[in-house]
Amino acid sequence: MGKAKRRSRQASGFTTILWFLAFIACTFVALRGWLDPLNLSLSQLLRPLARAVPDLNLIWVVGSVPVTAALLLLWVWSKGRWRQLWLFAGGVLLEVITKHFVASPLPHPLGEPSWIGRLEGWVNPSPQWVITAIKQRLGMVAATGSGAQFFRGSFFSGHVFRLTYLTGALAGIGRPGLLVLVGLVAGILVVALGGHWALDALGGFCLARALLGADSYFRRKR
């Protein structure tokens, strides 16, 4: 490996570590609640956007696990980049773990058009629905609200993570401006709609950039 390639790989690894550290920092701040007042102010500032355009709730469908995973699967199948799929799956698993253990205050989602609600129910089921379905499948009696404490917090935004990661996988990590644009738009929407706080959106973006950077680092290593 030439010196230029080695330096490029080292720079990629260093940048990836910084993004991981940024995600860890966001997690710690979410645990401590230091930015709760700022989160609330930004949420209130963006609420008029969601009230004016209720159809923006489509982001819950577009950024859902089934939709983004299906698109990513088609991509890695055609390109043979299976590591991208495993990193994506790891990010989704981390989302489940983090939302359970980082018990940050939950925001208050705005109402959505009924047709979007039906779509969201198909591709973005709530934890309560999943746990109830599992108990019914196992023949167990599902207690009312049994899944209410499964996701105890909103950190981090899986929708921002998935949309940013999918964009980076398809377009390449070498287009940081596009990644920032997608992350920013997705972050504004999930905050305006009351599904997440601004810190949740930032955490999701940082994790997506870190995992995209990890994939780029290992590809450069070959």
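To the nearest 0.5 Å, the span separating CG on L193 from CD1 on I188 amounts to 11.5 Å. How far OG1 of T27 is from CZ of F101: 13.5 Å, rounded to the nearest 0.5 Å. Summarising the geometry, atom CD1 belonging to I116 is positioned 11.5 Å from atom CD1 belonging to I59; distances are rounded to the nearest 0.5 Å. Note that the OG atom of S104 and the CG atom of D36 stand 7.5 Å from one another [nearest 0.5 Å]. Atom CG of N57 and atom CG of L189 lie 9.5 Å apart (nearest 0.5 Å). The structure places CG of L21 at 14.0 Å from CZ of F28, a figure rounded to the nearest 0.5 Å.
Between D55 and W115 there is a side-chain heavy-atom pair separated by less than 4.5 Å. Considering only heavy atoms from C-beta on, L87 stays 4.5 Å or farther from W82 through its side chain.
V123 and L58 end up in the same hydrophobic cluster when Ile, Leu, Val, Met, Phe, Trp and Tyr side chains are linked at under 4.5 Å. Hydrophobic clustering (side-chain heavy atoms under 4.5 Å, transitive across Ile, Leu, Val, Met, Phe, Trp, Tyr) groups L71 together with F88. In the hydrophobic clustering of this structure, L40 does not group with L49; members are Ile, Leu, Val, Met, Phe, Trp, Tyr whose side-chain heavy atoms approach within less than 4.5 Å, directly or through other members. No path of Ile, Leu, Val, Met, Phe, Trp and Tyr side chains, each step under 4.5 Å between heavy atoms, connects L211 with I17, placing them in separate hydrophobic clusters. The hydrophobic clustering, which links ILVMFWY residues whose side-chain heavy atoms are closer than 4.5 Å, places V65 and L74 apart.
Between A198 and L42 the shortest heavy-atom distance is CB-CD1, 3.6 Å. Listed here is the closest heavy atom pair of R81 and V76: O-CG1, 3.2 Å. The two atoms that bring P54 and P113 nearest to each other are O-CD, 3.6 Å, heavy atoms only. Listed here is the closest heavy atom pair of D215 and R83: OD1-NH1, 3.4 Å. L45 and P48 get closest at one heavy-atom pair: O-CD, 3.4 Å. Considering all non-hydrogen atoms of both residues, L110 and A192 come closest at CD1-O, 3.8 Å.
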Tell me which donor-acceptor pairs under 3.5 Å the side chains of residues 153-181 have, and how far apart each pair is, sequence neighbours excluded?
| unit_1 | atom_1 | unit_2 | atom_2 | d |
| --- | --- | --- | --- | --- |
| S154 | OG | D200 | OD2 | 2.5 |
| S157 | OG | V160 | N | 3.2 |
| H159 | ND1 | R162 | NH2 | 3.3 |
| H159 | NE2 | W60 | O | 3.2 |
| R162 | NE | G63 | O | 2.7 |
| R162 | NH1 | E95 | OE1 | 2.8 |
| R162 | NH2 | G63 | O | 3.2 |
| T164 | OG1 | V160 | O | 2.8 |
| Y165 | OH | Q84 | O | 2.5 |
| T167 | OG1 | L163 | O | 2.8 |

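Sequence neighbours left out, the pairs with a member in residues 175-211 that pass ring pair (Phe, Tyr, Trp, His ring centres under 6.0 Å) are W19-F205.
Side-chain N or O atoms of S216 include none that pairs as donor or acceptor with a backbone N or O of G213 at under 3.5 Å.
Remark: W77 CH2 is loosely packed, at most 12 non-hydrogen atoms of other residues, nucleotides or ligands lying under 6.0 Å away.
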